[in-house]
Structure formats: C-alpha cells, structure tokens
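Please read the structure below before turning to the comments.
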Amino acid sequence: MRNLVVQKFGGTSVADTDKIKNVANSVIREKKLGNDVVVVVSAMGHTTDYLMKMAKDISEVPSSRELDMLLSTGEGVSIALLSMAIQAQGYDAVSMNAMQIGIITENVHTKARIIDIKTDKLNKYLSEGKIIVVAGFQGVTEDGEITTLGRGGSDTSAVAIASALDAKRCDIYTDVEGVYTTDPRIVPNASKLDVVTYDEMLELASVGANVLHPRSVETAKQFNMPLRVRSSFNLENRGNLIKGEYDDMEICRPVTGVAVDMSKVRIVVCDVPDEPGVAAKIFTTLADEHISVDTIIQSYARLHNNTNDIAFTINKTDLPRAMELFDKINDEIKADKIHIDDNIAKVSIVGAGMIDRPGVAATMFDTLANLNINIKMISTSEVKISCLVDADVANDALRALHKAFNLGCDVIATVKGDLPNI
Ligand code: ASP
Ligand code: MG
C-alpha cells in the first residue's frame with residue numbers, strides 16, 4: 001500500500017465548468033494532505049444519455065463498436081477540462097484516456113470487463129508529482145479497439161485503477177450523501193451508515209440502493225480495497241466506508257439495511273412433469289439469452305399426476321423475450337400454463353450480523369404478518385432475506401421492517417468505524 005488515493009467524480013459532480021472547478025478544489029485538497037492523487041471522472045452531466053439518444057435517432061440498432069466509439073468521447077471532454085482546472089490553480093496535472101494508459105478489457109462492446117491495467121505510465125507521472133486525471137468507463141482491447149464497461153462503469157474503472165496501483169483507498173464522490181439504512185425518500189428517518197461490508201453493499205446494490213456500480217464493489221472485495229462513498233457537494237459529511245468486515249463484528253446489529261426492488265416480475269411455470277432435465281431446460285434457455293433469474297422456487301411434486309410448479313423472478317424488461325422463449329420450448333417442458341405476476345415487489349433485509357443469529361427471519365415474517373401482508377416467495381443468502389409481496393404494500397412493508405429492526409436515525413446506535421477524518 002502506498003500514499004495514494006484514487007478519487008472518482010460522477011457526471012453530476014462535473015456537470016458544468018463551475019462544478020469542475022469545485023472538483024479541482026477537492027483534488028488539490030487531497031494532494032495537500034500529502035497523498036498522490038489519481039482522479040477518475042465520468043462524462044459531464046447527462047452527456048452519455050445525450051450521445052445515446054443521438055445514436056438511436058440515427059439507427060434503431062446502432063452497431064455496438066460505433067456506440068463505444070461515440071460514448072467513450074464523453075469522458076474525453078471532462079478529463080481535459082478537469083486537468084486544465086487543476087493546472088489553473090498552479091498544480092501539475094495530466095489527463096489520460098484508456099488507450100494512453102492501457103486499460104485492457106475483453107473484446108466485448110458496451111459491457112466489457114477489465115482484464116489488466118498497465119501501470120508504467122501512471123507510475124512515471126506519479127513519480128514526477130503529477131495529479132493524473134483518468135477517463136472512466138472506457139477501455140481498450142489487446143487489438144486497440146475502444147470499449148466501454150457498461151452504464152455507470154466509471155466506479156469500476158476507479159476501483160480497478162486503485163487496486164492496480166495499490167492505493168490506500170478509493171473515494172467515490174457522488175450526488176448522494178452516502179449509503180443509508182434504506183431509501184430516505186420512502187422512510188424519512190433512514191440513518192446514514194458509517195461502515196458497510198462489501199457483502200452487504202453488494203446485496204443493497206442489487207436490491208435497489210443504486211449508489212454504486214455493483215461490479216465496482218465486487219472488484220473492491222476481490223482486492224480488499226477500502227471504498228468510501230461521499231457527497232461531492234457536502235464535504236462536512238464524511239460518507240460511508242465499505243470494507244471487508246466490521247472492526248467489532250460481535251456487537252454490530254443483525255440487520256444493516258432494508259431495501260425494496262420494484263423491477264421484477266414473477267413467472268410461474270405450472271404443471272411441468274416432475275422429471276430430470278425440466279429445470280435445466282428452462283434455466284439454460286434463459287441463461288443463453290442473458291436473462292438473469294433471481295429467487296427460484298419449485299413446489300413439491302403433486303403425486304396424483306406427478307407434476308411440479310416452478311416459480312422464479314426476472315427483470316420486467318426481460319419479460320417479452322422470456323415469453324417468446326417459453327413458446328419455443330413448451331413442446332419440451334410441457335407446461336400446462338405460464339402465469340405472470342407483474343404487480344410484485346421484492347422487500348429485503350440485509351446484514352452481515354444475521355449470520356448465526358436466530359430469530360431474524362422470524363421477526364421479518366412476523367412484521368409482515370402483523371400488517372396482513374402475504375408473502376409470495378422467500379429467498380435467502382448468508383446476508384440477506386428477501387420476500388416477494390404485492391407491489392402496493394411494498395413501501396408499508398419497508399417502513400415496518402425498518403422500524404422492527406431499529407434502524408431509524410432516532411434509535412440507531414451507529415456502527416462506528418475508522419472513517420478517514422478528512
Ligand atoms: N458516463 C457513463 C454513464 O453515464 C459512465 C458513468 O457515469 O459511470 O453511464
Ligand atoms: Mg454513477
């Protein structure tokens with residue numbers, strides 16, 4: 001580990017030239033603390049959306065290579081402007097794109113994964129005392145083709161660079177104040193969390209707390225890179241620290257956060273034969289089309305006719321494609337009917353502290369029962385319990401669970417962690 005901090009600023013933080021000057025101040029502030037600084041930035045404001053819209057105006061299905069050529073230009077603008085803003089304050093800065101650095105990705109367009117990051121040029125500039133301003137979101141293949149990492153991918157660029165350079169921390173500056181116990185728009189007394197573990201954050205991100213690109217948290221976990229989320233507009237608020245585990249696991253509360261996800265639809269494949277290969281056929285067909293499946297339940301076989309029901313959830317946006325696929329495979333899986341339920345929500349409680357602590361699930365079910373809410377499906381992982389409920393009662397469920405697990409800012413005993421004191 002070296003005296004190096006990687007900072008990342010998202011689109012809203014660099015939306016106009018005044019905001020870019022403001023970002024330059026935060027960068028210089030870190031430099032003055034004696035740290036080397038690499039800054040990763042996104043495109044200004046809604047630039048990426050705007051570029052995308054132009055592409056769609058020209059062609060309904062633009063080629064993904066050209067899309068990457070186009071979308072990657074957004075970050076090119078913000079790195080040059082930020083570098084100028086830092087230089088204008090008398091500090092040495094240099095902007096670099098993915099091609100210049102060698103941020104090598106797979107040969108896949110619009111959602112490439114990073115394979116390797118060359119560090120020689122970065123290290124050379126750092127040793128000369130320069131602040132390096134890096135274009136997020138973009139990469140380059142071994143053959144020199146420009147790629148992008150998927151929408152929101154600059155977070156992942158920042159964490160990958162921090163890991164490659166062995167930074168002491170990666171700070172993600174954003175337009176929210178950090179990660180809360182739940183969505184403060186639904187539950188006004190949500191509390192800000194000081195410390196969250198990678199596993200909790202991954203679950204909170206995938207159930208709708210849209211603060212970070214999930215791949216950035218996976219990368220941080222893989223390299224054990226401490227990740228801080230903080231507001232670029234309110235530096236008084238020191239944000240959250242996301243790391244491997246709590247300093248004092250034993251005293252932390254069982255549940256860290258609750259979340260609701262309205263983006264799912266439930267599909268029940270009714271009365272399929274209870275025999276080997278049926279589930280495999282259904283789920284490989286969906287997987288081949290990149291449709292990801294969540295919560296899965298298979299009922300007990302009905303003995304009189306030897307059939308099963310298989311229920312699962314997918315993203316609403318994948319429903320039309322999934323229905324086409326079912327039409328194609330129904331000769332093989334012989335379902336009696338396919339039932340769709342799109343008026344559902346997934347309510348989840350998340351917490352590393354629920355491991356080995358009995359009664360957490362019971363409290364969740366009890367809370368829902370007291371509201372007379374019917375649970376349609378249940379799924380669990382080590383750090384999460386999710387219940388599928390009717391969409392119209394989901395927010396009531398969220399509020400009640402937040403209260404039942406004492407997460408409100410009026411009651412919470414904050415988990416104190418070693419948040420950097422700057
Ligand atoms: N500019 C890209 C986007 O809007 C990447 C990012 O912001 O992280 O998706
Ligand atoms: Mg973002």
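We count ligands from 1, going down the list as the structure has it; atoms in each ligand are counted the same way.
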From CA spacing to verdict: salt bridge (Lys or Arg N to Asp or Glu O under 4.0 Å), D318, R321: CA-CA 6 Å; D318 288 329; R321 184 75 194 115; over 6 Å; no
Would a line drawn from the ring center of Y173 to the ring center of F233 be shorter than 6.0 Å? no
Applying a strict 4.0 Å limit to heavy atoms, is G136 in contact with ligand 1? no
Is it true that atom CZ of R113 has more than 12 heavy atoms of other residues, nucleotides or ligands lying nearer than 6.0 Å? no
How does E75 reach ligand 1, by side chain, by backbone, by both or by neither, if only non-hydrogen atoms under 4.0 Å count? side chain
If you measure from each non-hydrogen atom of S154 to ligand 1, which part falls under 4.0 Å: side chain, backbone, both or neither? both
Quick check: does G152 get an N/O under 3.5 Å from an N/O on ligand 1? yes
Within 4.0 Å of some non-hydrogen atom of T48, the atoms of ligand 1 are 1 (N), 2 (C), 3 (C), 4 (O)
Just which atoms of ligand 1 are under 4.0 Å from any heavy atom in R151? 3 (C), 4 (O), 9 (O)
For ligand 1 and D155, I'd like to know whether there is a polar contact (N/O to N/O, distance under 3.5 Å). no
Can you find a side-chain donor-acceptor pair between Q138 and D68 that sits under 3.5 Å? no
Would you say that F405 contacts T256 through its side chain, given a criterion of any heavy-atom pair below 4.5 Å between the two side chains? no
Is the shortest heavy-atom distance from the side chain of V383 to the side chain of S381 under 4.5 Å? yes
